[in-house]
Amino acid sequence: MLYWIRHAVLICFLSPIIAQAQILENDSWRVSDQADMWVDTEARANLSQVLIGGSAIDWQIQGSDERSLGFTDAAVWLRMPINRPAWADNVWYLSSRYALLDEVSVYLVDPSGQVVFTDTTSRRLPLAERPVAQRGLHLRVEVPEGESVVYIRIASHSALKPRLDWVSSSTFAAHSERASAGYALLYGAMLMAVFIYVLLGCVMRIWSLVPIGLYFAAGSIWQSVMEGSLALLWPAHWSVPIQLTPFLLFVMAVLVQSYNWILRLERASPLRSFDGVIAGWLVAGLVLAWWMPYELATRLSIITNFASWSLLAFSTLRADQEPWVKRVAVLASVVIYLGGGALIALDTIGAIYIGAFASMAYMITSVPQVMLLTFGGVWVAREQSIRNKQIAQELAEQTDLAASARQASYQAERKFASEVQMMRADLAVIRDESSRDPLTGLPNRASLDRYLKAISSKPIASLSVLVLDLDHFKRLNDSYGHAVGDDALVSVAKVLDRQLGRLEDFVGRYGGEEFIVVLPEAGLLDAESVAERLLSQIRAIELYRGSLPVAVTASVGVASYVASRDGKFDFDKVFEAADKALYNAKTRGRDQASVVPQLATLEGA
């Protein structure tokens, strides 16, 4: 009897939830967009208590409000109703975008209150013992047909960031392959960069390059710990120690301070007793990072990094004898670090939320940092090298002035001939490039004028024009960024160029997000068929911003013109008609073609 009473209570609580279940028809989405969240401040509740608690639990609708809860002993519960149709994939993956979570558990509950699936993963598990042997934390969930509710519990002694994705098996496999290839390339580039920096620093005796290269390596390893990809390089039966994170931050602080000391020694500025105190603290931090509580070690390592960069800025400002270009480069790198580091630190402790940017902030800021520090470090060596070359050149000129003059005359003649040849080549390139849009590679309006002049030299029976404009392009740029907008223009241009196979057809970019297609010897029905085919192909464009799909649609205006008896045509009239048809397509709801049948013949107009 108690068994049936318990299940009746669970059904009463679950029924209103199931009624709003998310149908599993998309390939992926963020859990925060669909799930309700409850923060278990004492981290003691289990699934049975959550289910029986019912309306007494203060579930909060997240919407798209992902956030970082900072260092906390609490646990986070997420509740996401789902509904799997019979045709949908039965295997889905719960994927965490933050790899430093102590525990991620998933429970699948059917409408009767039965737990039909459960699994757990953790950063403490070696890669070989995780449910899914991939970078990061992932769980493979077998979803039964029909309605059910997914409950997710997250806990962490590190920063608590409930950043989860719910993806289909095919999408997960594709993302895993791309991620593996991308990280293999990243680690290869990182190792090559470190080797080059250390080698150049030792060979050219520019010792400041050595800590720069090692700093980039330590920062990249730290980033791979945060992303979870270090687990792929770590021994499969060992877990990655969480203390490695603050330890690497202390290593980065040591390398920044070493760079500062090397620059001071190069300008003959002696080290002081205070520098010994700094060195002692850095060595102590490297050791204590493995023994202190993780939260304390992380906070101290972050503060130490800020202090090291601030000391570098202070030392650079005091170096009045240094060239201002070198000083500005070093100070700019300090400003970049302090800005990016402050965002990461505030996101880590839960003061603000900067989303996926938190996991990539180091990679975004490290490249300009390294380049600026490198520029500052090699500036003095560059000036000395230039002076040595000037002295050697003056000595050679004084030793054999006559031979030098003859050589200079010969080189001048060769240079003049080479410049003439290069000028001719450049003019040819400029003529070709001036006829094409630099972004999409399609012909531009200047090329359209030449095309119309060429086809007007011979009689044609009809001429059709399609004017195509991307829908909501400004909104796409504002929402996803101009880089995604440029990708959309390039993708549409490829569709147009690929679909129009006749040599006499013309496709070009008319301006902004507007394209034009000219079809000589094509009637109105042919032009309308081409327009529908282009719209279908544009809808099929796969465009992503990260893992988020971006829809691309367009509207088309179609007009056709039957030439006069002598084969002449009026392009301006047919273009004006197509442009008006485009306006009609926009006003009728977009993502469609509008035809002007009454303007199919214009001889009497």
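Atom set for the values below is all heavy atoms of this structure, side chains included, hydrogens, waters and symmetry mates excluded.
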Does any part of the side chain of [Y], heavy atoms only, come nearer than 4.5 Å to the side chain of [X], both counted from C-beta?
| X | Y | result |
| --- | --- | --- |
| V31 | D165 | no |
| V76 | R153 | no |
| E147 | I82 | no |
| L288 | F250 | no |
| V210 | Y259 | no |
| S112 | Q114 | yes |
| I278 | W281 | no |
| Y215 | V256 | yes |

Original post:
Would T120 and V104 count as a side chain to side chain contact (heavy atoms under 4.5 Å, CB included) if you check the C-alpha gap in whole Å, the side-chain angles of each, and the deciding distance to 0.1 Å?
Top reply: CA-CA 6 Å; T120 300; V104 179; over 6 Å; no

**OP:** Start with the C-alpha distance between W261 and D275, add both sets of side-chain angles, then the distance that settles side-chain hydrogen bond (donor to acceptor under 3.5 Å, both in side chains), and finish with yes or no.
**Re:** CA-CA 9 Å; W261 286 332; D275 295 301; 3.1 Å; yes

Test your reading of the model: is there a side-chain donor-acceptor pair from [X] to the backbone of [Y], 3.5 Å cut-off?
| X | Y | answer |
| --- | --- | --- |
| N305 | L249 | yes |
| D110 | S148 | no |
| Q49 | N46 | yes |
| R84 | A88 | yes |
| R140 | W92 | no |
| S315 | L311 | no |

**OP:** Start with the C-alpha distance between V109 and V116, add both sets of side-chain angles, then the distance that settles side chain to side chain contact (heavy atoms under 4.5 Å, CB included), and finish with yes or no.
**Re:** CA-CA 6 Å; V109 180; V116 297; over 6 Å; no

Subject >> Audit row: Y93, S169, side chain to side chain contact (heavy atoms under 4.5 Å, CB included) steps and yes/no >> reply: CA-CA 6 Å; Y93 284 84; S169 57; 3.8 Å; yes

Original post:
Does any donor atom in the side chain of D89 or S168 lie under 3.5 Å from an acceptor atom in the other side chain?
Top reply: no

Subject >> Distance-only donor-acceptor check, side chains D471 and T553, under 3.5 Å >> reply: yes

**OP:** Step through the shown structure and confirm whether more than 12 heavy atoms of other residues, nucleotides or ligands are within 6.0 Å of CH2 on W238.
**Re:** no

**OP:** Evaluate the side-chain hydrogen bond (donor to acceptor under 3.5 Å, both in side chains) criterion for residues T298 and S301: first the C-alpha distance (whole Å), next the side-chain angles of each, then the deciding distance (0.1 Å), finally the verdict.
**Re:** CA-CA 5 Å; T298 300; S301 62; 5.2 Å; no

Subject >> Y480 and L548: CA distance, side-chain angles, deciding distance, side chain to side chain contact (heavy atoms under 4.5 Å, CB included) verdict >> reply: CA-CA 10 Å; Y480 301 102; L548 185 65; 3.7 Å; yes

**OP:** Start with the C-alpha distance between D36 and R79, add both sets of side-chain angles, then the distance that settles salt bridge (Lys or Arg N to Asp or Glu O under 4.0 Å), and finish with yes or no.
**Re:** CA-CA 5 Å; D36 301 332; R79 179 182 67 181; 3.1 Å; yes

I need the minimum non-hydrogen distance between [X] and [Y], along with the two atoms involved.
| X | Y | value |
| --- | --- | --- |
| P211 | S258 | CB-CB, 4.3 Å |
| A75 | A155 | CB-CB, 4.4 Å |
| D40 | A45 | OD2-N, 2.9 Å |

Subject >> Geometric class of the Y151/W77 ring pair [parallel <30°, tilted 30-60°, perpendicular >60°] >> reply: perpendicular

Original post:
Picking from V277, V251, T304, what satisfies side-chain contact (heavy atoms from CB on, under 4.5 Å) with L282?
Top reply: T304

Original post:
Between K474 and D478, is the closest basic N to carboxylate O distance under 4.0 Å?
Top reply: yes

Subject >> Lys/Arg N to Asp/Glu carboxylate O, R123 vs D102, below 4.0 Å >> reply: yes

